[in-house]
Amino acid sequence: MMKSKADEEDYWNSSKFKAFTFDDEDDEFSRLKESKLAVNSIRYLVEADDDDDDEDEVEKVSWSGEPVGSISWSVSETAASNQKAEREPAFPKVSTDCVSMTKSHSGYSLSSLFKGKTKGGNFQSFSDSPSDPSVRLYAPELRKPKSEYKDYVSDWSPEETIQRMQQGKVVSLEKFRSLHDKLLLLDYAVNAHDGNGITAILIYLKRTLSKEVLFRELESRQTALRHLIHYLTETRDHVLLLELLRALGRMEDVALLQYKEHLSIADENKRRDFLKGCLKLPFSPEDCAHVQDHYTLLERQVIIETTDRQAERGGKVEVFQKFPRRASIVNMPMITTLYYCCLYHYTESEGTFSCPLNIRQTFKISEKQYFVTALAARAKLKAWSDVDALFTSRNWLGFTRKKSPLSFQRVVDILQKNSAPTQVLQNYVALVDDAELRISLAQKHKCHDIVINTYRDLKDRQQLLGYRVKVKKGSAEERKIDELLNNPVRRRSDLHHPYHVTFLTSFILLS
């Protein structure tokens, strides 16, 4: 039985449910976002009205109000299908593998939708249905803003492309095919001071341009050139980096880059041969001297290491037994090699490669550097006679005296770190020129004789009396202080203090 138009309007106006229309307006699409709570509440309303679970008693109607199967319902369905076909691009496409929601294939009817039941009679709510992959409801998503589609289809200029890269948006560089456009991209990235953008453009140019064209264009773009050199260095693309440096005529950089390859050679003999080949590279005079010293040092280290390894295994050298070697000398720095030779080969003749004096002359080591290294090595071995010989010097008259390129305060610190006894320390504490510093060092290292002699030379009776309390009672130091305090000659000599001389002179003149 067909209803009149007036009856239909009365029906919908009196009903709590509203009809849905597919209008092409954004505010209508917001009505599709019904919460699960609102949908599930329909189930309880229907169950309260109909508890006999008889699906046939509920009249099946469409959203427009016509009974399902009527002529007006067929006309409405046809119109809705045509409208959906016209608006298809606005909605995302659903895969054909998904479950169809048409009436013939769906597990839901309009009545079961309101009751919250499937056709099979099993109760299932909207919140539970997505967990079952065999039955799912797919609601159309809202269309994306038109401005987002513009990101992928618009023809962006080089300047706009760089701006979008700075904003972190996805861009495509493949459409820039001409050399002019590619260079414009690079220039805009350089002007924007965008390091990441410059590197991204250079990677694209490296892939799409020949090496000759790329090197030629970068020669006049120093900022981009530095970025490319840094990128090739970080990625260790040494082959292309060498070609680039050669094309730019930077032969010293080519030589240094090839020289750095020795770091990857583990075998000492192969590394030595490689360094020998590097001597022919076009280094600057200063760099050439360093490479020559490196080769000479490694050559000596290989010889010394081979000889000492055999001597250590033989067990006949006493110094190797007392102080076993902890590591190989190969590939060690020059100062470490000098220290090693001062420790194990100090007494060898100057004609041998391992002699410390030979190493000093060959590598032009300064006197101060050699002195500090030799002093630390001989002090570690407790060879105090060798330590004393380092300070002994003769003048042209044949007289000997103590001389050091270091301050004697520094000498005392080095000896103290190597556990030098007090008798050795006080010999060098006494050579400190400043009296206050000498007293401070002597008190720190418990060199009592130095403190007492310094106070004696200063004729400071009060300081001697104060220091007498600090020394051990009955010790030799206490007896020495008592002897100085009770010596009548020493007491009379105190009259020669400038204060007393001035007082006597004034008394004689007044009389």
Side-chain angles (χ1 to χ4, degrees), residues 186 189-190 193 195-207 209-305 327-340 353 359-366 369-370 373:
L186 183 59
V190 171
H193 305 287
N196 293 335
I198 295 173
T199 304
I201 301 301
L202 287 173
I203 294 174
Y204 175 63
L205 297 184
K206 172 177 168 289
R207 183 168 56 86
L209 294 179
S210 63
K211 292 181 290 187
E212 294 77 10
V213 174
L214 179 62
F215 297 163
R216 184 188 70 232
E217 296 297 337
L218 290 180
E219 191 171 1
S220 60
R221 296 171 172 84
Q222 292 300 314
T223 302
L225 178 61
R226 288 193 296 270
H227 276 76
L228 181 60
I229 292 176
H230 179 74
Y231 170 75
L232 296 177
T233 303
E234 291 295 322
T235 57
R236 297 185 180 182
D237 192 352
H238 292 166
V239 176
L240 184 59
L241 182 57
L242 285 173
E243 293 181 9
L244 173 60
L245 295 176
R246 288 194 184 98
L248 298 173
R250 297 164 61 168
M251 302 309 297
E252 292 184 8
D253 293 337
V254 172
L256 289 174
L257 185 62
Q258 289 182 320
Y259 168 70
K260 288 181 180 179
E261 293 181 5
H262 80 274
L263 298 174
S264 60
I265 303 176
D267 184 75
E268 58 267 18
N269 293 316
K270 292 182 180 179
R271 180 179 290 193
R272 179 192 57 192
D273 297 338
F274 179 82
L275 290 175
K276 185 176 181 180
C278 289
L279 297 175
K280 302 177 182 179
L281 296 176
F283 290 103
S284 63
E286 183 179 1
D287 292 337
C288 186
H290 288 309
V291 175
Q292 179 66 54
D293 288 343
H294 189 181
Y295 167 71
T296 305
L297 179 63
L298 181 59
E299 186 179 30
R300 289 198 176 199
Q301 287 174 343
V302 172
I303 297 174
I304 295 172
E305 176 64 24
S328 172
I329 192 62
V330 178
N331 296 322
M332 291 296 178
M334 184 187 300
I335 297 300
T336 306
T337 305
L338 177 61
Y339 180 86
Y340 177 90
F353 284 151
I359 294 177
R360 175 186 176 183
Q361 294 174 359
T362 302
F363 298 102
K364 298 179 176 59
I365 300 175
S366 65
Q369 216 168 17
Y370 174 81
T373 307

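No hydrogens, no waters, no symmetry mates; every other heavy atom, side chains included, goes into these values.
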Around atom [atom1] of [X], are there more than 12 heavy atoms of other residues, nucleotides or ligands at under 6.0 Å?
| X | atom1 | answer |
| --- | --- | --- |
| F274 | CZ | yes |
| E286 | CD | no |
| H230 | NE2 | no |

Let me confirm one number: the [atom1]-[atom2] distance from [X] to [Y], rounded to the nearest 0.5 Å.
| X | Y | atom1 | atom2 | result |
| --- | --- | --- | --- | --- |
| L228 | I203 | CG | CD1 | 9.5 Å |
| L214 | E243 | CG | CD | 11.5 Å |
| L275 | D293 | CG | CG | 11.5 Å |
| E305 | L298 | CD | CG | 11.5 Å |
| H227 | N196 | NE2 | CG | 8.5 Å |
| L279 | Y259 | CG | OH | 10.0 Å |

So do the side chains of [X] and [Y] get within less than 4.5 Å of each other, counting heavy atoms only?
| X | Y | answer |
| --- | --- | --- |
| R360 | T373 | no |
| L240 | F215 | yes |
| R226 | Q222 | yes |
| I365 | M334 | yes |
| I198 | R221 | no |
| L225 | L244 | yes |
| E261 | I265 | no |
| Y295 | R272 | yes |

M332 backbone acceptor or donor facing Q301 side chain under 3.5 Å: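 Pair found, side chain donor or acceptor close to backbone of M332.
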
Donor-acceptor contact present, side-chain R271 to main-chain H262, <3.5 Å: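 Answer holds: yes.
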
Using a strict 4.0 Å threshold on nitrogen-to-oxygen distance, state whether K270 and D267 make a salt bridge.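 No, no charged N to carboxylate O under 4.0 Å.
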
[X] to [Y] - nearest heavy-atom pair and separation:
| X | Y | result |
| --- | --- | --- |
| L202 | A224 | CD1-O, 3.4 Å |
| F353 | I359 | O-CG1, 3.7 Å |
| E252 | S284 | OE2-CB, 3.8 Å |
| A189 | G197 | CB-C, 4.2 Å |
| C278 | F283 | O-CE1, 3.1 Å |

Between F363 and L338, is a side chain to side chain contact (heavy atoms under 4.5 Å, CB included) present by the stated rule, with each step listed? CA-CA 10 Å; F363 298 102; L338 177 61; over 6 Å; no

Between L186 and L218, does a side chain to side chain contact (heavy atoms under 4.5 Å, CB included) hold up when you go through it step by step? CA-CA 10 Å; L186 183 59; L218 290 180; 3.9 Å; yes

Before you tell me yes or no, could you show the steps for T362 and R300 under side chain to side chain donor-acceptor pair (under 3.5 Å), namely the whole-Å CA-CA distance, both residues' side-chain angles and the distance that decides it to 0.1 Å? CA-CA 11 Å; T362 302; R300 289 198 176 199; 3.0 Å; yes

With side chain to side chain contact (heavy atoms under 4.5 Å, CB included) as the criterion, how do L232 and K206 come out once you've worked through the C-alpha distance, each side chain's angles and the decisive distance to 0.1 Å? CA-CA 11 Å; L232 296 177; K206 172 177 168 289; 4.2 Å; yes

